[in-house]
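Have a look at the structure that comes next, please.
Hydrogens, waters and symmetry mates are skipped; everything else that's a heavy atom, side chains included, is used.
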Number of protein chains: 2
Amino acid sequence: MTRRPLTKPRKIAAQERSRATVDALVEATARILVEEGFDKTSTNRIAEVAGVSIGSLYQYFPGKEALVVAVADRHRQEIMQVIRGELEEVRAQPVKQAIRTLVATAVRAHRVDPRLHRVIAEQIPQVGELEDLEVFSRENYTLFRAYLESRRDELRVDDLELASFICVTSIEALTHNAVLHYPELFSDEAMEALIDEGACLVTGFLISR
Amino acid sequence: MTRRPLTKPRKIAAQERSRATVDALVEATARILVEEGFDKTSTNRIAEVAGVSIGSLYQYFPGKEALVVAVADRHRQEIMQVIRGELEEVRAQPVKQAIRTLVATAVRAHRVDPRLHRVIAEQIPQVGELEDLEVFSRENYTLFRAYLESRRDELRVDDLELASFICVTSIEALTHNAVLHYPELFSDEAMEALIDEGACLVTGFLISR
DNA sequence: ATAGAATATGAGCAATAACTCGTATTAACA
DNA sequence: TGTTAATACGAGTTATTGCTCATATTCTAT
């Protein structure tokens, strides 16, 4: 059987000093990922950039994978911060407006460190045991589905499972793709248009005309 | 300046024998990518699996990148085969039906070796100089845009640039995501539903009600 | 049949990777 | 202050990778 790389931290930093070490390592990993790419991200290099000895690195992380997971996780948390913050208002809004808010939020979320986002999205899946991003994606999906449930009678779709899948996937892809491949769409005016049309796409699909 | 890895074949195979060698190498690369992942895809391993000496590998390919590009390209061609085949009919059809055909085609295209498709989509972007996939994606985009142009007066959108981006991105993401993360959606009945709803999504967006 | 071109081989080198472990340093606390 | 636990260090081991090159085999064509 294949030796599957560990992805969990080796031990928890107890003292202040060591927490700084761990932070430096994670930060360095993120920087290297963004600036030099996944290949160049070796444990030796990480330690070097972090200004930490290679020995210390292995004291807290069992290997490269764990570092990368830590970076991805940190990024995920930052994004969820953004999302949850704006999700409160949505409940009170009428459906059409709510959808627009959701789309706008998706766009905003994608503006959190897009370069890191790109690396994580593109190069991380190869870190097999990374269910985290899966979970991440499902989280949005579930939240959205719950919202649809609460507005069921205003919608023209009946398979909410499928509808959620379609909406979340589309919007996620739209923003994601825009950030990664068409950054020109992220000028302020173009962004407004993107949000409008994205909202329109979903609205037209969900709401009985 | 950084030494950028070559991605073009080193020389063209002239005799039958060498063409077989090249084929074996590309095929082996594809198999390893699918079955063992990108990391395990080393030139040594490729040569081994192909039953070809490492020296021969370097006779035809300057490095790993070139092999991977060859695989991606082969896959792309296979898919374009599928797409172009069905694209003929579309011109004659009324818009609504045409859209459904296009969505159905996208789904079908994604059923060509989905496992390889996944690897290429997820792990290949890190092979920097791979504009091929970009080109690939833009090709669909352009084709679709041209189609919209021809039906302009039947549509409610006016920025066809943006509209194409939204439609192509959404449908691509839908099918892609379905294959990769929700294979249960690819049972035959579920697939029908997916096509219907996908078509509905785009139709509602494009066509004035 | 034979020369020369095309193709194939794989031992082996240089570079780099992941990772260990014995030792040194610092903090915590009695 | 002295003892112990926590933290940090980095030279060095082992494994792997990309890749070369001298040599061997096979094909083509005269």
| request: Starting at atom CG of D39(A), determine the distance to atom P of dA17(C), rounded to an integer number of angstrom. | output: 10 Å
| said: Would you say T43(B) places a side-chain N or O within less than 4.0 Å of OP1 or OP2 belonging to dC19(D)? | reply: no
| said: Can you confirm whether E197(A) sits close enough to V157(B) that some side-chain heavy atom of one is under 4.5 Å from a side-chain heavy atom of the other? | reply: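 The answer is yes, as the side chains (C-beta and beyond) meet within the 4.5 Å cut-off.
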| Taking atom C1' of dT16(C) as reference, at what distance in whole Å does atom CD1 of I46(A) sit? | 15 Å
| From dA18(C), dT17(D), dT7(C), pick the nucleotide closest to the side chain of N44(A)? |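 Comparing dA18(C), dT17(D), dT7(C) against the side chain of N44(A), the answer is dA18(C).
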| Between S42(B) and A20(A), who's closer to the 5' end of DNA chain D by nearest nucleotide? |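 Upstream on the strand: A20(A).
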| Taking atom C1' of dT16(D) as reference, at what distance in whole Å does atom CD of E36(B) sit? |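 So the CD-C1' distance, E36(B) to dT16(D), works out to 15 Å.
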| task | Measure the distance from CG on L25(A) to C1' on dT7(D) and round it to the nearest whole Å. | result | 13 Å
| message | Which is more 5' along DNA chain C, the nucleotide nearest K40(A) or the one nearest G55(B)? Just name the residue. | response | G55(B)
| task | Answer yes or no: does a side-chain N or O of S56(A) lie under 4.0 Å from OP1 or OP2 of dC9(D)? | result |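 For dC9(D), OP1/OP2 do have a side-chain N/O of S56(A) under 4.0 Å.
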| Any K64(B) side-chain N or O less than 4.0 Å from OP1/OP2 of dT17(D) |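 Looking at the OP1 and OP2 atoms of dT17(D), neither is under 4.0 Å from any side-chain N or O of K64(B).
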| Pair E89(B), T101(B): side-chain N/O donor-acceptor within cut-off below 3.5 Å | no
| Parallel, tilted or perpendicular: which fits the ring planes of Y182(A) and Y141(B), with parallel below 30° and perpendicular above 60°? | tilted
| message | Without decimals, in angstroms, what is the distance between Y58(A) OH and dA17(C) P? | response |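 So the two atoms are 11 Å apart, to the nearest Å.
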| When the distance from CG of L57(B) to P of dT20(D) is rounded to whole Å, what number comes out? | 11 Å
| query | Does Y60(B) put a side-chain nitrogen or oxygen below 4.0 Å from OP1 or OP2 of dA8(C)? | reply |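 Yes, such a contact exists.
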| field | Salt-bridge present (R108(B), E78(B); N to O < 4.0 Å) | value | no
| message | Which is more 5' along DNA chain C, the nucleotide nearest I54(B) or the one nearest T21(B)? Just name the residue. | response | T21(B)
| query | Within this structure, what is the CD-to-C1' distance between Q59(A) and dA6(D), rounded to whole angstrom? | reply |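 After rounding, the gap between these two atoms is 8 Å.
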| task | Can you tell me the distance, in whole Å, between the CD atom of E48(A) and the C1' atom of dA18(C)? | result | 16 Å
| request: Please state whether the phosphate of dA8(D), meaning OP1 or OP2, lies under 4.0 angstrom from any side-chain nitrogen or oxygen of S53(A). | output: no
Considering only distance and modelled atom types, tabulate donor-acceptor pairs under 3.5 Å from the side chains of residues 184-191 of chain A, sequence neighbours left out.
unit_1  : atom_1 : unit_2  : atom_2 : d
S187(A) : OG     : A190(A) : N      : 3.4

